[in-house]
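First the proteins, then the strands, lettered A, B, ... as listed; each starts at 1. These numbers come from the heavy atoms of this one structure, side chains and all, not from hydrogens, waters or symmetry mates.
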Amino acid sequence: MTIADPDHSILPFSLIVGQQELQTALQISYVDPGVGVLATGGRGTAKSTTIRSFSRMAYSSLPVTLPIGATEDRVLGGLSVEALLRGEHYRQPGLLEQASESEGRMLYIDEVNLLDDHLVNIILDAASTGVLEVQHDHVDQPSVPVKFALVGSMNPDEGGLRPQLLDRFGLVVTVKPDNDATYRRQVLENVLRFDEEFAKPTSPYLDEQRAMDERTARRLKEARDRRATVRVDWALHACARVAAEFELAGHRGEIMLLRAARALAAVQDSDVINESHILTAAQFALVHRRHSAESGTLVAWSDDDQGRVHQVLDEMDKG
Amino acid sequence: MNQVLDRFLRLVRCLAAAPRLHGVLFVDLDPLLLTAAGRWLADCAQAGGGGRPPVVTLGSWHTDDDLWSSVKFTASGLATGPGLIVETGSEPAPVFLVPDLSTASLAVRRAVVTTAGADTASSQRHGFSAVWQPRARWLAACHREALANLPAHLLDRFPIRCEAGGIVNPDRVSLDAADDEYELAWLGRLLGPPPLTGSPVFTAEALDRIIELTGPAPGMRRDIAFGRLSRALAACHGADTVSVSDVDAGAALLGVVPDAAPERVPDPLTQALEPEPEPAREIPDRRSRTEDMALVDGMEAEPVPLRSGGVPETLGRLEHAGPATAELFPEDRGDALSEPMALREWWHRHAGSHAARGQIIGSQRTKSLRDLAVLPTLLEAAKFRAVRSGGAGGLVIQPSDLRRHRRRPEPAAALVLVLDHSCHRGWDWAPALASYLRWAYTARAVVSLVEFGYRSAPEPLRADRYRARDLLDPRVVASLNREPGSASPLAHAIDLAADELRHLLRRRRSPVREALLLVVTDARGNVPFLDSTRGAVATVVGSRGVADANEAAKAVGQLRGVRAVVLTPDLAPYPHLAFDLAEALGGRVTSPVPFADQRRK
């Protein structure tokens with residue numbers, strides 16, 4: 001049941017002010033749908049608004065959303081309760097399948113750090129195997145392939161994520177509040193103007209914003225189509241060396257770094273990955289994979305970290 | 001007109017005028033007035049057409065199963081549907097009342113965080129699925145002392161807060177059963193007819209003014225809520241634009257004042273009544289607007305005391321009138337001690353026999369009959385009734401239908417801390433207390449604190465007592481740092497501590513398994529027990545204060561499961577007193593510096 005058309009209550013993406021890092025990460029995730037994003041930051045920093053607004057701009061719909069109070073049957077799928085009460089029985093797909101079949105292949109979890117542990121386990125199982133096999137609640141479901149990118153938002157005041165779940169997010173963006181008065185005024189103006197226009201039966205202003213969103217979506221779609229043609233040969237070695245420098249466990253870190261850099265190159269209409277793409281992607285792809293993040297508490301990406309990436313790339317140039 | 005009441009009424013009217021202003025948190029408000037305000041908002045919505053919205057009270061008893069989905073009996077059997085929190089397109093937006101946010105269940109708190117002011121919300125429970133745009137209004141209340149203990153994440157959903165303690169109906173004359181309705185009608189009359197609604201356009205100056213007034217703050221919610229409040233004020237008087245005067249009126253309503261330029265922020269209400277030219281800005285029709293703010297005949301807009309300066313860095317330039325109002329945003333303080341991770345499902349405090357005694361917060365699948373949740377089990381079986389019996393037979397319960405209660409974990413440990421501030425001279429008790437407090441924290445112990453002998457004690461001849469949910473309650477920190485006084489009603493304190501221990505060990509639904517009584521004193525009680533109860537010292541005290549304390553302590557010694565410790569300063573001139581007290585308590589004495597040698601003397 002979808003009520004009161006919540007799609008239309010979302011601020012158009014063109015009215016989002018700032019949030020450049022989160023916008024970049026979401027663009028990467030769109031261009032390479034296998035790369036998920038976690039937005040972490042203090043209260044009132046428009047993390048979820050930006051993600052929903054991006055989804056509506058890019059996919060023309062809100063993301064499939066897993067609320068923190070969801071029950072197992074709705075996550076995994078199960079018999080339709082309404083049908084059962086009528087004496088019928090058929091299977092109702094769960095959110096994991098819905099996300100896998102949606103255009104964005106995105107499963108969005110707001111307040112992901114408040115999610116119950118047993119739901120986290122289900123998501124980890126499905127995300128790691130790429131297969132959903134349900135045999136419970138009178139359901140004997142053959143293996144269904146599920147492929148989705150995890151996108152989440154959270155306020156670290158309420159605790160961190162288990163390292164296993166954190167690792168499932170391809171990129172992590174720390175959203176910081178911007179106290180610049182000009183920025184704040186622009187945010188205020190956009191939100192209050194949206195309130196005003198939203199209350200009107202028709203709004204040329206909102207039509208114009210949505211037209212801008214459509215142009216952005218077209219541009220991103222072109223980038224997605226271009227992604228496969230971006231050359232990765234040099235960057236392959238560079239990403240491996242950066243991963244070695246940070247002593248990352250496993251290979252997910254360098255793979256995500258490479259995929260993010262390639263997507264970024266596509267967004268920027270480049271046919272080859274260059275240093276700046278890796279430098280930008282590294283802060284999102286590695287911040288939660290360093291040894292310092294093993295406790296689940298996220299340590300901010302520092303200038304020193306960025307300097308280490310720079311140094312590795314410089315040494316490669318010289319070599 | 002009482003200033004507090006005036007602000008309360010205006011804010012409620014603003015809620016009716018501005019749909020996007022999703023809620024207000026009132027501090028120390030009488031819950032009955034919250035109900036009245038909710039009813040009035042529902043009346044306003046009904047008067048605007050579209051039916052009367054439901055007014056739903058949410059409290060400590062609500063679980064996720066109540067809020068997000070429902071299974072109801074119908075003429076044809078059972079039907080699934082939306083829970084209390086879910087908004088349907090066919091009904092007007094509900095009004096949610098939370099009479100005490102501090103005692104609201106975890107499910108309610110999480111619902112507030114995920115839906116209040118959100119652009120979308122989603123419910124996915126027990127086969128029910130819904131996505132909607134939340135339009136509900138939230139009216140919440142909270143006691144001042146509990147405010148600082150609430151999670152910042154939850155408080156952030158209420159950027160508009162208002163002091164509302166002490167609102168009383170001056171015409172209230174009787175205490176009969178009809179009083180509640182009388183109060184509701186009284187407030188309804190004060191709130192008056194529904195306000196004008198609309199969506200006035202902001203002037204550039206008004207936007208600048210909001211930014212100027214709020215300054216740096218955590219996130220943007222307060223700026224936006226402030227803007228919406230200003231717009232509601234403009235809408236109430238039928239304006240097409242939101243001007244600087246509306247913003248200033250909103251600031252006055254919230255008690256906000258900029259610290260940098262007090263000369264630019266005269267009392268907006270007073271100024272509006274005696275308008276002065278302001279060449280830099282165009283403020284049309286200022287007088288009439290402010291007059292329109294008067295809610296009903298006879299109500300005068302009282303000036304709000306504004307002050308400036310001395311604002312902590314973390315507050316930015318957002319300051320509130322008076323020290324009490326400044327405490328409305330405790331989460332901004334650098335030393336704020338809200339409960340950590342308070343919105344997550346709790347860790348188990350203990351397991352075993354006590355696990356089946358906590359408050360019920362939901363149900364979950366089970367394979368045994370222990371602590372069976374009968375109704376959820378029956379409902380689970382009922383879903384399959386038609387399938388299992390072909391639609392004609394009775395209810396068939398299979399093992400897979402069994403559900404047991406999910407219960408809120410109860411504290412397994414308790415710390416009863418008795419602080420004698422009169423002995424806190426010339427020594428630092430923090431190092432000596434540290435190991436006990438650390439234990440209380442790691443054991444997630446519930447804390448009862450009994451204190452006396454401090455300079456600002458409201459009744460020096462008596463001990464005070466309060467219960468804190470855990471050690472992080474800001475009152476505990478305050479208690480540990482009081483100035484010493486002279487009176488020492490130790491006997492009264494021990495009596496209170498014994499009562500606390502009885503409560504914790506026997507009377508609660510889930511008694512604690514381990515209780516630590518820590519008495520920090522030099523044991524020189526100088527107020528006899530009877531004098532404490534009378535509130536006056538009648539005759540020469542002599543040693544009666546000490547004797548009464550030891551007598552009261554014997555009651556503790558009879559309790560099982562209590563570990564008693566007397567922590568006494570090594571400066572105590574009569575060290576044997578502490579040993580006598582410990583003996584009566586059935587405990588032991590500890591001191592920062594062992595003074596066994598002194599005792600032998």
Inset, instruction - Look at D73(A) together with R125(B) and state whether they make a salt bridge at an N to O cut-off of under 4.0 Å. - result: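 Looking at D73(A) and R125(B), the cut-off is not met.
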Legend entry - K47(A)/E111(A) ion pair, N-O < 4.0 Å: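 Salt bridge between K47(A) and E111(A), a charged N being under 4.0 Å from a carboxylate O: no.
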Inset, instruction - Determine whether the side chains of S153(A) and D110(A) contain a donor N or O and an acceptor N or O closer than 3.5 Å. - result: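 Result is yes, a qualifying pair exists.
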Inset, instruction - Say whether R52(A) and T120(B), considering side chains only, have a donor N or O and an acceptor N or O under 3.5 Å apart. - result: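 Side-chain D/A pair, R52(A) to T120(B): present.
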Non-hydrogen atoms of chain A under 4.5 Å away: do they reach the side chain of [X], the backbone, both or neither?
X: R228(B); result: both
X: A111(B); result: neither
X: T114(B); result: side chain
X: P159(B); result: neither

Hey, does the side chain of [X] reach the backbone of [Y] with a donor-acceptor pair shorter than 3.5 angstrom?
X: H22(B); Y: R157(B); result: yes
X: R210(A); Y: M57(A); result: no
X: S55(A); Y: S61(A); result: yes
X: T45(A); Y: R43(A); result: no

[X] portion near chain B, given a 4.5 angstrom heavy-atom threshold:
X: E189(A); answer: both
X: R185(A); answer: both
X: E196(A); answer: both
X: L95(A); answer: side chain

Inset, instruction - Decide whether a cation-pi geometry holds between R20(B) and F198(A); the criteria are a distance under 6.0 Å from NZ or CZ to the six-membered ring centre and an angle within 45° of the ring axis. - result: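 Yes, a cation-pi geometry.
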Legend entry - Among the listed options A70(A), G44(A), G42(A), the residue most often paired with chain B at heavy-atom distances under 4.5 Å: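 Answer, by heavy-atom pair count under 4.5 Å with chain B: G44(A).
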Legend entry - chain B-proximal positions within residues 173-184 of chain A [heavy-atom distance under 4.5 Å]: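 At a heavy-atom separation under 4.5 Å, chain B is reached by P177(A), N179(A), A181(A), R184(A).
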Inset, instruction - Just jot down the side chain to side chain contact (heavy atoms under 4.5 Å, CB included) partners of Q209(A), sequence neighbours excluded, or say none. - result: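 Per chain and number, Q209(A) pairs via side chain to side chain contact (heavy atoms under 4.5 Å, CB included) with P12(A), S14(A), L15(A), Y205(A), M212(A).
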